[in-house]
Amino acid sequence: MKRLALIAALLGATPLAAQTPPSGQIVAITNAKLVVGDGGGPVDGGTVVISGGRVTAAGRGVAVPGGARVIDAQGKWVSPGLVAGFTRLGIVEVDGVRETNDAGADKSDFSAALDVSLAVNPRETPIAINRAEGITRAVVAPDTGKTIFAGQGAVIDLGMDPNAVMRPRAFQFVEFGESAAATAGGSRPAAFAMFRNALQEARGYARNPGQAGGRITDGMLTKLDAAALVPMVEGRVPTLVHVERASDIVQVLDLVREFPSLKLVLVGASEGWMVAPQIAAARVTVLASALADLPASFEALAATQSNIGRLQAAGVTVGIGMINDDEARQARLIKQYAGNLVALTRVPGATGLDWGRAFATISSGPAAALGLDGEIGSLRPGRRADVVIWDGDPLEVSSAPVMVMIDGVEQSLVNRQTKLRDRYAVPQEGALPKAYER
């Protein structure tokens, strides 16, 4: 099994070359069906101007600067690169081989201090595959081990250069609900007690970092874990909380009263629609599972595909996440999920989203959840030049990118899947491995 997995990884390896935008080069993409990504619909005849790896202008009637390299989109769709709101891209290669899975550390003495950015591998096969599908940035979260605190997640780009991590230690990931109850000792009250105790210890550590010993005196946390929780307690990084049941969501929202600096982001939230007004009033963003509509667990008995539409109707900012949904490999499915939200508007009794708002759930929505909407997720001026030219509607399953730029640098769309497709699309007798000979 290990040998087969190693061969598969080697087949998918793509040479890496550090790339930077040519100094001073200006690029203008013209004649585009332009999608800015901020919730509005597409605009015909749009232009995007890129300089120094940033968007300097985007819209209809934008002038092309003199000396710019002009790319005629020929009426094709042009959008910001997609932002995958919750993944484990770059930290899991083969599920059956433990050595290639750095998502969780269930035997470690550390929890909140674990920094997933140290494990991100830009050469993992799913990176190139998802880049070729228009994914340019991804939120990468660790998995829980012995406590409800999984550790510090990162935001990465899917570019060909070896420096994949855009922002390390971008958030703390915490489990609540059924899985947290089991981890914390057997009940939901135990999970909430563990959370409160940990945050109180982190507060104490912030006041007196010099406490003796590797573990805080009379405490449950190591000093490293306590230090890692301080930015979360002080609101300097978001706290991503996996929670599904409506009653659990309400209890999580109440934690802000006790710890008012917390910047909560709910992940999953299958029953979020049931308490949407409370989520909106708390100004909490949700990275929701888009099409969860089956009672797969007792905490998701009220799951419905209308969840995201109802949350947005209540005023909640929503992005699409993929927790427990092959999130280590198939982030590319987010564009299909967003398209299905548009289709729901045509289903009697269902609540979906219009095209512009659906696209925002995979662009500016996830970016806003991480406090990065000033950097990524749209083509507004000043944002990083993550730009995709599509051969059709990005939310249609049959559409694919014809060009992908990350930070203004054009990326290869070749990956292991395309190599296998091209190799066996029209096989020639004698050029096949022995097993394929007729």
Side-chain angles (χ1 to χ4, degrees), residues 14 16 37 79-93 101-103 115-143 150-171 173 237-238 240 242 265 267-268 285 287-290 318-338 359-373 375-378 383-384 386-388 394 401 404-407 409 411 413 415:
T14 302
L16 293 174
S79 78
L82 307 185
V83 181
F86 186 98
T87 77
R88 293 193 166 103
L89 282 174
I91 59 173
V92 180
E93 180 76 53
N101 186 338
D102 288 302
D115 180 359
V116 79
S117 69
L118 302 175
V120 173
N121 178 11
R123 298 187 67 170
E124 283 196 354
T125 307
I127 295 286
I129 293 173
N130 283 276
R131 178 176 67 237
E133 294 283 347
I135 311 292
T136 57
R137 307 277 168 172
V139 177
V140 180
D143 202 356
Q152 301 166 97
V155 179
I156 68 170
D157 72 66
L158 275 64
M160 296 176 64
D161 65 275
N163 302 312
V165 178
M166 173 191 175
R167 179 167 294 184
R169 300 172 295 283
F171 59 92
F173 181 52
V237 300
L240 270 61
H242 178 211
V265 177
V267 176
T285 303
L287 295 174
S289 300
V318 186
I320 290 178
M322 290 187 62
I323 190 166
N324 300 328
D325 187 17
D326 204 3
E327 66 273 21
R329 281 168 291 275
Q330 300 294 349
R332 62 196 182 94
L333 294 178
I334 61 173
K335 61 192 184 78
Q336 177 181 339
Y337 292 167
F359 189 87
T361 64
I362 55 175
S363 56
S364 56
L370 274 295
L372 291 172
D373 46 330
E375 286 284 313
I376 59 176
S378 79
R383 274 58 175 183
R384 295 178 183 239
D386 297 353
V387 186
V388 182
V404 174
M405 285 184 170
I406 297 178
D407 287 326
V409 178
Q411 304 291 317
L413 302 183
N415 57 72

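It should be emphasised that the depicted structure is a prediction, and the values quoted were computed from it without experimental measurement.
To the nearest 0.5 Å, the span separating CD1 on I127 from CG on D157 amounts to 9.0 Å. In this structure, I334 CD1 and E327 CD are separated by 13.0 Å, a value rounded to the nearest 0.5 Å. The line from CG of N121 to CG of D102 is 9.0 Å long, rounded to the nearest 0.5 Å. Between I129 atom CD1 and N415 atom CG the span is 5.0 Å, to the nearest 0.5 Å. Put simply, NE2 on H242 and CG on L240 are 11.0 Å apart, with the number rounded to the nearest 0.5 Å. Here the straight-line distance linking atom OG1 of T87 with atom CG of D325 works out to 12.0 Å at 0.5 Å rounding.
Remark: N101 engages no residue in a side-chain hydrogen bond (donor to acceptor under 3.5 Å, both in side chains) (not counting sequence neighbours). In this view, N130 and L89, P126, I135, L158, A331, R332 satisfy the side-chain contact (heavy atoms from CB on, under 4.5 Å) rule, not counting sequence neighbours. Checked against side-chain contact (heavy atoms from CB on, under 4.5 Å), V318 has the following partners two or more places apart in sequence or in another chain: A288, I308, L311, Q312, V316. Checked against ring pair (Phe, Tyr, Trp, His ring centres under 6.0 Å), F173 has the following partners two or more places apart in sequence or in another chain: F86. R383 pairs by the salt bridge (Lys or Arg N to Asp or Glu O under 4.0 Å) definition with nothing, not counting sequence neighbours. Remark: R167 engages no residue in a salt bridge (Lys or Arg N to Asp or Glu O under 4.0 Å) (not counting sequence neighbours).
Residues M166 and I376 form a side-chain contact, since some pair of their non-hydrogen atoms from C-beta on lies under 4.5 Å apart. Side-chain atoms of L287 and I320, non-hydrogen and from C-beta on, never get closer than 4.5 Å to each other. Side chains of S378 and D373 form no contact here, defined as non-hydrogen atoms less than 4.5 Å apart. Between K335 and I362, some side-chain heavy-atom pair lies under the 4.5 Å cut-off. No side-chain heavy atom of V83 sits less than 4.5 Å from a side-chain heavy atom of L370.
In plain terms, the two heavy atoms of A369 and T285 that are nearest each other are CB-CG2, 3.6 Å. When every heavy atom of G153 is checked against every heavy atom of V116, the shortest pair comes out as CA-CG1, 3.6 Å. Looking at every heavy atom in both residues, Y337 comes nearest to A290 through CB-CB, 3.7 Å. The shortest heavy-atom contact between G134 and V388 is O-CG2, 4.0 Å. Heavy atoms only, all atoms of each residue included: I323 and S289 are closest at CG2-OG, 3.9 Å. Nearest heavy atoms, A141 versus I91: O-CD1, 3.7 Å.
Under the 3.5 Å distance criterion, the side-chain polar atoms of R88 are matched with a main-chain donor or acceptor of P142. Using a distance-only test at 3.5 Å, with no hydrogens or angles considered, a donor-acceptor pair links the side chain of D386 to the main chain of D407. Although no hydrogens or angles enter the test, the distance criterion places no donor-acceptor pair under 3.5 Å between the side chain of E375 and the main chain of R384. The closest donor-acceptor contact from the side chain of R137 to the backbone of A84 lies at 3.5 Å or more, if one exists at all.
Side-chain contact, S117 with Q152: no donor N or O sits under 3.5 Å from an acceptor N or O.
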Does the side-chain contact (heavy atoms from CB on, under 4.5 Å) test come out yes or no for T125 and R329, once each step is laid out? CA-CA 9 Å; T125 307; R329 281 168 291 275; over 6 Å; no

